[in-house]
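Everything on this sheet refers to the single structure shown next.
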2 protein chains.
Amino acid sequence: MMKDFECTQESYAREVLREKGLKSTAQRLAVVHVLHTSGKSLSVGEIHDGVKDMLGATGLATIYRTLEMFEDLGIVKRLHFPDGRHGYAFSQGEHVHHMVCVDCRGVFDFPECPVESFDYSSIEKQGFRVKDHFVQLFGQCLKCAEAA
Amino acid sequence: MMKDFECTQESYAREVLREKGLKSTAQRLAVVHVLHTSGKSLSVGEIHDGVKDMLGATGLATIYRTLEMFEDLGIVKRLHFPDGRHGYAFSQGEHVHHMVCVDCRGVFDFPECPVESFDYSSIEKQGFRVKDHFVQLFGQCLKCAEAA
DNA sequence: AGCTAATTGAAAATCATTCTCATTTAATAA
DNA sequence: TTATTAAATGAGAATGATTTTCAATTAGCT
């Protein structure tokens, strides 16, 4: 197949995949395309629908497999919502944090790390070694604020 | 029923429930007890098992209902793990963040907010209004570090 | 002790995720 | 190009997690 929806994000995914000896399949690139062009976080079902729109019938299992792999590769990030649901957002690069609009689920990256400058000494005095963190901001984007 | 496993945490839960006109059932207090005495985050199944140990046969649906309610009330917090699983931890009070040991899933609270002092101006320039945040630290606790 | 709305239990229903395995395909080399 | 081959996919079954339903029970009042 291999349609021509190539853009920066697809090229990036291609490269990461090639580096790891993984195949750049139409399904995988379509997942990137759907996530990136939506500009917001999507549920697994929404991603599946988007990919089906591009490629026709596509197995749901493939979407799950792709998302899991992409998360390991740092190409997508799983986000958690207050209502218990979760979604995925495109996420070029390793250490990026996300701000999610609670109305439209739009995702905005910010490379500055809010916990970078935090003083962990009180935690580490208890013997804890902090190795990683998950930070996600919730709020309202301009569009949704105006619409309200 | 109403066994006597009353401690600070159960009293706290009782009070929050009463304030909202909700009933302090044996099942609800047992959920608090199990979570608090474990000192770590537990899966829904583990909480169910713990409650069954205390009370005998207990419906799983009740555990789900209780955890959802307790999360709204700020009595428990849902935590997300890197492997996609999630768990619940006791969480007295509203704004507490959690540090999770990736080995034993032990939970340590810290009231200092790591993003409190973060300068959101670059985000807010784009029209974003930050309203809430989810922060979770991962690492290794003293015991697990020594055991390794 | 009795009343009543809230809560529970049990099982069915629903929804999400993973697995299996036969078929297809991307990447590589001839 | 074409052939080769390991990797990836699709379809559906299997599994697992969560929610719903509704009759029976119970906590929190008189």
Side-chain angles (χ1 to χ4, degrees), chain A residues 1-4 6 10-11 13-32 41-49 51-52 54-73 75-76 78-81 83-88, chain B residues 1-4 6 10-11 13-32 42-49 51-52 54-73 75-76 78-88:
Chain A
M1 215 174 259
M2 281 299 99
K3 299 203 183 166
D4 55 352
E6 197 81 19
E10 273 103 303
S11 309
R14 277 194 123 91
E15 199 168 310
V16 174
L17 289 168
R18 190 158 35 78
E19 274 172 14
K20 301 275 176 182
L22 299 162
K23 293 183 179 176
S24 293
T25 65
Q27 292 85 342
R28 288 174 181 174
L29 297 176
V31 167
V32 172
S41 63
L42 299 174
S43 68
V44 175
E46 289 169 329
I47 295 167
H48 188 209
D49 291 343
V51 171
K52 283 190 291 186
M54 292 180 70
L55 306 180
T58 303
L60 180 53
T62 299
I63 306 299
Y64 276 101
R65 287 186 284 233
T66 299
L67 289 171
E68 189 188 357
M69 201 191 74
F70 278 6
E71 202 182 9
D72 290 343
L73 296 174
I75 295 173
V76 304
R78 178 196 272 244
L79 301 177
H80 302 284
F81 304 108
D83 67 1
R85 302 237 174 84
H86 62 261
Y88 290 87
Chain B
M1 216 173 259
M2 280 299 101
K3 300 201 180 165
D4 55 350
E6 196 83 18
E10 273 102 302
S11 310
R14 278 195 123 91
E15 198 168 309
V16 174
L17 289 167
R18 191 158 34 78
E19 274 172 14
K20 302 276 176 179
L22 299 162
K23 292 182 180 177
S24 293
T25 64
Q27 291 86 341
R28 288 173 182 173
L29 296 177
V31 167
V32 172
L42 299 174
S43 68
V44 176
E46 288 169 329
I47 295 167
H48 188 209
D49 290 343
V51 170
K52 282 190 292 187
M54 292 179 70
L55 305 179
T58 304
L60 181 53
T62 299
I63 306 298
Y64 277 101
R65 287 185 284 234
T66 300
L67 288 171
E68 188 188 357
M69 201 191 74
F70 278 5
E71 202 181 10
D72 291 343
L73 296 174
I75 294 173
V76 304
R78 178 195 274 243
L79 302 177
H80 302 283
F81 304 107
D83 67 1
R85 302 237 175 83
H86 63 263
Y88 290 88

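Numbered from 1 within each chain, the chains take letters A, B, ... in sequence-line order.
The two atoms that bring A:F81 and A:G87 nearest to each other are CE1-N, 3.5 Å, heavy atoms only. Summarising the geometry of A:E71 relative to A:R78, their closest heavy-atom pair is OE2-CB, 3.3 Å, with the distance given to 0.1 Å. Nearest heavy atoms, A:L79 versus A:H86: O-CB, 3.0 Å. In this structure, B:L17 and B:S24 approach most closely via the heavy-atom pair CD1-OG, 3.7 Å. Closest heavy-atom contact between A:L55 and A:A30: CD1-CB, 3.9 Å.
Here C:dC15 presents its P atom at 17 Å from NE2 of A:H48, a figure rounded to the nearest Å. Here C:dT17 presents its C1' atom at 13 Å from CD1 of A:I63, a figure rounded to the nearest Å. Whole-Å rounding puts the B:E68 CD to C:dT8 P distance at 13 Å. One interatomic measurement links the two molecules: CG of B:L60 to C1' of C:dT7, which rounds to 16 Å at whole-angstrom precision. Atom OH of B:Y88 is separated from atom P of D:dA17 by 13 Å (rounded to the nearest Å). Per the geometry, CZ belonging to A:R85 stands 13 Å off C1' belonging to C:dT14, to the nearest Å. If you take CG of A:D83 and P of C:dA16, they are 12 Å apart, rounded to a whole angstrom. The nearest whole Å value for the distance from the CE atom in B:M69 to the P atom in D:dT19 is 15 Å.
Separating the CZ atom in A:R65 from the CG atom in A:L67 is a distance of 11.5 Å, to the nearest 0.5 Å. To the nearest 0.5 angstrom, B:T66 atom OG1 is 11.0 Å from B:Y88 atom OH.
Ranking C:dT8, C:dA27, D:dG10 by closeness to the B:Q27 side chain, first place goes to C:dT8. When each of C:dT18, D:dA11, D:dA27 is scored by its nearest atom to the side-chain atoms of A:Y64, the top-ranked nucleotide is C:dT18. Here the side chain of A:K23 is nearest to one of C:dA27, D:dT18, D:dG28, namely C:dA27. For A:T58, the listed nucleotide lying nearest its side chain is D:dG10; candidates were C:dT17, D:dG10, D:dT26. Picking from C:dT25, C:dT8, D:dG28 the nucleotide with the shortest atom distance to the side chain of B:R28 gives C:dT8.
Proximity of a side-chain donor or acceptor of B:T58 to a complementary backbone N or O of B:G56 within less than 3.5 Å is detected.
The shortest distance between the side-chain N/O atoms of B:T25 and the OP1/OP2 oxygens of D:dT26 is not below 4.0 Å. A close approach under 4.0 Å does not occur between any side-chain nitrogen or oxygen of B:R65 and OP1 or OP2 of D:dT19. Listed pair A:T62 / D:dG10 meets the phosphate criterion, a side-chain N or O lying under 4.0 Å from OP1 or OP2.
For residues 15-22 of chain A, proximity to DNA chain D is found at A:L22, defined as any non-hydrogen atom under 4.0 angstrom from a strand atom.
Between A:T66 and A:A61, the residue anchored nearer the 5' end of DNA chain D, judged by the nucleotide with its closest heavy atom, is A:T66.
Legend: residues meeting side-chain hydrogen bond (donor to acceptor under 3.5 Å, both in side chains) with A:H48, ordered by chain and number and at least two apart, are absent.
Across all strands shown, B:H86 has heavy atoms under 4.0 Å from sugar-phosphate atoms exclusively, and none from any base.
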For a side-chain contact (heavy atoms from CB on, under 4.5 Å) check, start with the C-alpha distance between A:D49 and A:L42, then their side-chain angles and the critical distance, and finish with the verdict.
CA-CA 10 Å; A:D49 291 343; A:L42 299 174; over 6 Å; no
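In the helix from C:dA1-D:dT30 to C:dA30-D:dT1, the terminal helix axes, each the rotation mapping four pairs' C1' atoms onto the next four within five end pairs, subtend 50°, rounded to 10°.
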